[in-house]
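For reference, the structure I am asking about is given below.
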There are 2 protein chains.
Amino acid sequence: MATIYDVSQLAGVSLATVSRVMNKNTNVSEKTKQKVLAAMAELGYRPNTFAQSLASNCSNSVGVLVSQLDGPYYGPMMAEIEAALRSDNRHVIIAVGHSDAAQEIDSVEFLLSKGCDALILDVEAISDDYLIKLSQSSTPIVLINRYIAEISDCCIYLNNELGGYMATRHLIDLGHRDIAYISGPAKKHDATERLEGHKRALAEVGVSFDPALCFEGDYKEDSGVEGMNYLFSQNKTFTAVVCANDQMVSGAISVCLERGMKIPQDLSFVGYDNIPFARYVSPKLTTVNNPIHEMGKMAALWLLKNLYKHDIEVENVFEPELVVRNSAIRKG
Amino acid sequence: MATIYDVSQLAGVSLATVSRVMNKNTNVSEKTKQKVLAAMAELGYRPNTFAQSLASNCSNSVGVLVSQLDGPYYGPMMAEIEAALRSDNRHVIIAVGHSDAAQEIDSVEFLLSKGCDALILDVEAISDDYLIKLSQSSTPIVLINRYIAEISDCCIYLNNELGGYMATRHLIDLGHRDIAYISGPAKKHDATERLEGHKRALAEVGVSFDPALCFEGDYKEDSGVEGMNYLFSQNKTFTAVVCANDQMVSGAISVCLERGMKIPQDLSFVGYDNIPFARYVSPKLTTVNNPIHEMGKMAALWLLKNLYKHDIEVENVFEPELVVRNSAIRKG
DNA sequence: GAGAAACGTCGTAAATGGTCGCCATATAGT
DNA sequence: ACTATATGGCGACCATTTACGACGTTTCTC
């Protein structure tokens, strides 16, 4: 492999000059620049990133920690992050935290030990305190899907409470009053926020929240199944169900279909997240759009702006949006 | 940040000795080893990976190139790769090729420039020749989802032809003879192989393949919609449809449902890939299992064995498996 | 039992391939 | 001619690995 030294020899200039043209330093004449570029091309020179990183103390890499890689949720986010960073010649290193505090911390340490310039974290189990302390270290972090007041500047998040409100409000506007709820795990912030929104919508029209009509799932399909079975076992009336994410809706609907029910005629459903499948499943899901990919993109742009000094605008907070399709209809 | 030098000072030994204990070199007495370990702990020492990589010419990183990150397909694969490599303290750098030759080559170059120890590639557009040449370079590669005879050792692949055969054979066994086919893009190897299997199953029972009953999609939901509309427009009889992947089945079924048809009573469907949603959609999809996550894992293990010298067994070729659920029934 | 060979343990110093500040020099503008 | 600015060279880092050799102890051999 050719080194910078070889290039400088061939081009008849010094090492520093070669380094300057690589780093787009302006103080290089066009003529020498061309000579160097030609030499690089002739040798098929490729700078050694390790040496660059060692000398410059910058790795051009950012670590991305997510809860899981399978599932429909993180793919679009990773795709946007990769695209944004890649276009600036930075690379992304991935790590998975499995929604477990110990593993999440372990992953952060891992990423740090690999010398990432910054971290993008979508973590659920790690405490606010840890994150606040981490943000004070020399490695910048940006949080997706989480709001911590003390470090709000580096938080990219969705107004989940509003989303939860919108889902239930939509059903209320459709005439429903007996609305069941299949929640995400109580330990996850977004899950409790969405539930809060649900309660607010209920309160707004004077309907009291009935804990018996609320099931705590874990955001996976199977818990939609469980949740639905639970709800039916309560022997209470309800004409609509809102689920804290689309995957649980999918599980819940499958239970109803197996019982010979018609959706949405017999029961209305509203989901959350608007994952790609929501459009193709039958009935097409009415759901709350969660612009997860945009948040991923924004996290990357945040880094481009604040760490790599690009002159761009970023926004931190995203608004949910109701996507009306066919899984919820007026109460008949 | 503490350096190896600081550690050596505190422990009262030389740099080489500290390096030796880090690299588990046996030639160091238990006593000095403990001294060094204590010093490292006291300083919170973390070796600088860039310096390590520069000196050892090994980055402990592997580049993973996939066609896309969103969609249900690559997530499980990435998850397995990450887990396997991570357990050996290696990290993965991701890149996306978008099924385009230029972008795929660009991504390979990108990954190479980042100094990956090896590459895991799931590429579709890059030519065999390029890959063969690439495999002769100093950076090992392993190919997922592709078979190239000249470099078969580093190919991890599924017997797609057999899978295509199984899908159609299942329908034949259920009494169907008029079977439509929605294919993947002709330029993708796996798509043509699956179609070959379909044709073989047909030929086996003396049914001639009717091009009018075959639509070339692009593996996405929308082309399932298109494909179904095309098939209906042909005014031909068919009692079953096999789609080259589950996403297209999803699109195809939605068209039927909108027309008021009952699935599988009016039309049987068999898919391919067995993506997670296939289990939760209604009707639950009969499909061919594509052990994509296992192939991802095996690719990682291949590297662990051949590059990082672990003593483990790996297998290259995977067999598809029919998963019978509810989207295909006996011809009525 | 003495001398030599072998071995285990550890230190020295030379890579590894860059970046970057500092300084000298060339060039251009006024 | 004087000064500001553009240009290029020199050499000190950056944090590690690793070949080589020093040194002391053990073991083998005659």
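Reminder, nothing fancy here: chain letters follow the sequence lines and each chain counts from 1.
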Residue pair A:Thr17/B:Ser19 against DNA chain D: nearer the 5' end by closest nucleotide is A:Thr17
Along DNA chain C (nearest heavy atom to each residue), the more 5'-positioned of A:Ala2 and B:Ser29 | B:Ser29
Just how far, in rounded Å, is C1' of D:dT16 from CG of B:Asn48?
-> 8 Å
Please report, rounded to the nearest Å, how far the P atom of D:dC14 is from the CD atom of B:Gln52.
-> 17 Å
Touch class at under 4.0 angstrom, heavy-atom based, for B:Thr49 against every strand present |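 Counting heavy atoms under 4.0 Å across all strands, no contact is made by B:Thr49.
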Of B:Glu30 and B:Ala16, whose closest DNA chain C nucleotide lies nearer the 5' terminus?
-> B:Glu30
Of the nucleotides D:dG9, D:dT16, D:dT18, which one has an atom closest to the side chain of A:Arg20?
->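 Nucleotide nearest to A:Arg20's side chain: D:dG9.
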Separation of A:Lys33 atom NZ from D:dA6 atom C1', in whole Å?
->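 Taking NZ of A:Lys33 and C1' of D:dA6, I get 15 Å after rounding.
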Is there a donor-acceptor contact under 3.5 Å linking the side chains of B:Asn60 and B:Tyr308?
->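 No - no donor-acceptor pair under 3.5 Å links their side chains.
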Separation of D:dT18 C1' from B:Ile4 CD1 (nearest whole Å) |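 For the pair B:Ile4 CD1 and D:dT18 C1', the rounded distance is 12 Å.
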Euclidean distance, atom CG of residue B:Asp6 to atom C1' of D:dT16 [Å, nearest integer] =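 Whole-Å distance recorded here is 13 Å.
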Heavy atoms only: give me the nearest B:Ser99-B:Lys187 pair and the separation to one decimal.
-> O-NZ, 4.0 Å
To the nearest angstrom, the CZ-C1' distance between B:Phe50 and D:dT17 comes to 17 Å
Please determine, by modelled atom types, if A:Asn160 and A:Tyr147 share a side-chain donor-acceptor pair under 3.5 angstrom.
-> no
Would you check if there is a donor-acceptor pair between the side chains of B:Tyr73 and B:Asn290 at a distance under 3.5 Å?
-> yes
Ignoring hydrogens and angles, state whether a donor on the side chain of B:Asn23 or B:Ser19 is under 3.5 Å from an acceptor on the partner side chain.
->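 Note: B:Asn23 and B:Ser19 side chains meet the donor-acceptor criterion.
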Hey, are B:His293 and B:Glu80 close enough side-chain-wise for a donor-acceptor pair under 3.5 Å?
->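 B:Glu80 vs B:His293: no donor-acceptor pair found between side chains.
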D:dT17 C1' sits how many Å from B:Asn60 CG, rounded?
->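 Taking CG of B:Asn60 and C1' of D:dT17, I get 13 Å after rounding.
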Using the heavy-atom set of chain B and a strict 4.0 Å cut-off, write down the first and last nucleotide of DNA chain C that makes it in, 5' to 3'.
-> C:dT9 to C:dG17
Separation of D:dC14 P from B:Arg46 CZ (nearest whole Å) =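 Roughly 19 Å, once rounded to whole Å.
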How would you label the contact of B:Asn23 with the nucleic acid (heavy atoms, under 4.0 Å): base, sugar-phosphate, or nothing?
->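 The answer is sugar-phosphate, as B:Asn23 gets under 4.0 Å only of primed atoms, P, OP1 or OP2.
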Tell me yes or no: between the side chains of B:Arg20 and B:Thr32, is some donor less than 3.5 Å from an acceptor?
->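 Looking only at side-chain atoms, B:Thr32 and B:Arg20 do not form any donor-acceptor pair under 3.5 Å.
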